Student: 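Sharing a structure, written as structure tokens. Questions coming.
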Amino acid sequence: MPPILAGFLASLVTGLATVIGALPVLLPIKLTQRLQAIALGFGGGVMLAASAFSLIVPGTEAAIAQGASQIEAALLMSVGVLLGAVFLLVGHKYIPHEHFVKGQEGVNNAENLKRIWLFITAITIHNFPEGLAVGVNFGTNNLTNSFPIAIGIGLQNMPEGLVVAVSLVAQKYSALYALGVSLLTGLVEPIGGLIGASVVAIAQQILPLAMAFAAGAMLFVISGEIIPESHSKGREQEATIGVMVGFVVMMLLDIGLG
């Protein structure tokens with residue numbers, strides 16, 4: 001399968017995991033704040049391990065294989081990580097969006113947007129780096145090393161999708177509407193996947209920088225979004241347990257299957 005198509009399809013599947021994870025919102029059950037904190041922490045742990053084991057480490061190895069020295073590879077990856085973080089930072093500053101806990105962010109022109117679109121925009125900003133990470137890996141045409149991150153991102157999207165749907169229902173939206181939003185936000189991942197896979201497949205020399213860029217964007221999301229959200233209800237310990245479990249699960253996937 002062509003790497004660009006593989007990256008698109010893999011990120012599409014991981015994106016659809018968001019709505020699959022949100023399906024329990026149709027049932028008459030209540031997701032406690034403790035479980036929400038664990039679920040968000042799990043997603044953060046998966047993303048943290050993916051940033052290290054699926055992006056930064058192989059990106060460094062790819063840079064060295066292309067002829068860079070160890071210090072040059074380290075500097076290249078550092079620049080890429082910072083660029084990814086800056087990309088998300090600019091998006092947060094200038095794109096109006098709203099978080100369930102932190103409230104509105106971005107430029108102050110959101111009055112003409114319905115609140116639901118502010119939520120959707122926030123989740124979209126969050127999901128794009130995940131699709132980008134999956135696409136960049138599949139763009140290398142090395143499926144053995146690419147499947148672990150796709151599986152890991154898909155796993156973390158499921159509890160994330162459930163938390164999003166539950167939060168929307170708590171904001172007085174219907175369960176079906178919440179499912180629709182989860183589906184819509186998940187579909188941004190194949191866009192990121194297509195971009196990441198295309199860039200890497202066309203120009204292999206960009207691979208190390210692209211991997212670092214995706215890692216930096218994900219690290220920004222972890223620190224700027226997931227950790228504050230998971231700690232917002234006084235459930236820091238539960239969130240930390242979720243992070244540890246998610247990190248170990250992704251580490252096992254990457255080392256065991258990669």
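Numbers here are sequence positions counted from 1. All figures in this text were calculated on a predicted structure; none of them were measured in a lab. Every heavy atom of this structure was used, including side-chain atoms; hydrogens, water molecules and symmetry mates were not.
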Student: What are the two closest heavy atoms between S182 and G161, and how far apart are they?
Tutor: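 The answer is OG-O, 3.7 Å.
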Student: Nearest heavy-atom pair of S11 and G193: which atoms, and what distance?
Tutor: OG-CA, 3.4 Å
Student: Kindly assign one of parallel, tilted or perpendicular to the pair F147 and F138, based on the angle between their ring planes and the thresholds 30° and 60°.
Tutor: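 Judged by the thresholds at 30° and 60°, the geometry between F147 and F138 is perpendicular.
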Student: Check each of V86, V81, L132 against F213 using the side-chain contact (heavy atoms from CB on, under 4.5 Å) test, and report the only one that passes.
Tutor: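 It is L132; the other options fail the test.
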Student: Do you know which two heavy atoms are closest between S54 and M250, and how far apart they sit?
Tutor: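 Smallest interatomic distance, heavy atoms only, reads OG-CE, 3.5 Å.
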Student: Run the numbers on E189 and T14 for side-chain hydrogen bond (donor to acceptor under 3.5 Å, both in side chains), then give the verdict.
Tutor: CA-CA 7 Å; E189 293 200 12; T14 61; 3.0 Å; yes
Student: Treating Q66 as the side-chain partner and A63 as the backbone partner, does any N or O pair qualify as donor plus acceptor under 3.5 Å?
Tutor: no
Student: Just wondering, are more than 12 heavy atoms of other shown residues or ligands nearer than 6.0 Å to CD in Q237?
Tutor: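 No, the 6.0 Å shell around CD holds no more than 12 heavy atoms from other groups.
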Student: Which atom pair, heavy atoms only, marks the closest approach of A215 to I56?
Tutor: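 Heavy atoms of A215 and I56 come nearest at CB-CG1, 3.7 Å.
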Student: Does any N or O in the side chain of S223 come within less than 3.5 Å of the main-chain N or O of L219, such that one atom is a donor and the other an acceptor?
Tutor: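 Checked: no pair found.
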Student: Do L207 and V136 make a side-chain contact, defined as non-hydrogen atoms from C-beta onward lying under 4.5 Å apart?
Tutor: yes
Student: Side chains of residues 148-156: which donor-acceptor pairs under 3.5 Å do they make with residues two or more places apart or in other chains?
Tutor:
from : atom 1 : to   : atom 2 : distance (Å)
Q156 : NE2    : E130 : OE1    : 2.9
Q156 : NE2    : E130 : OE2    : 2.9

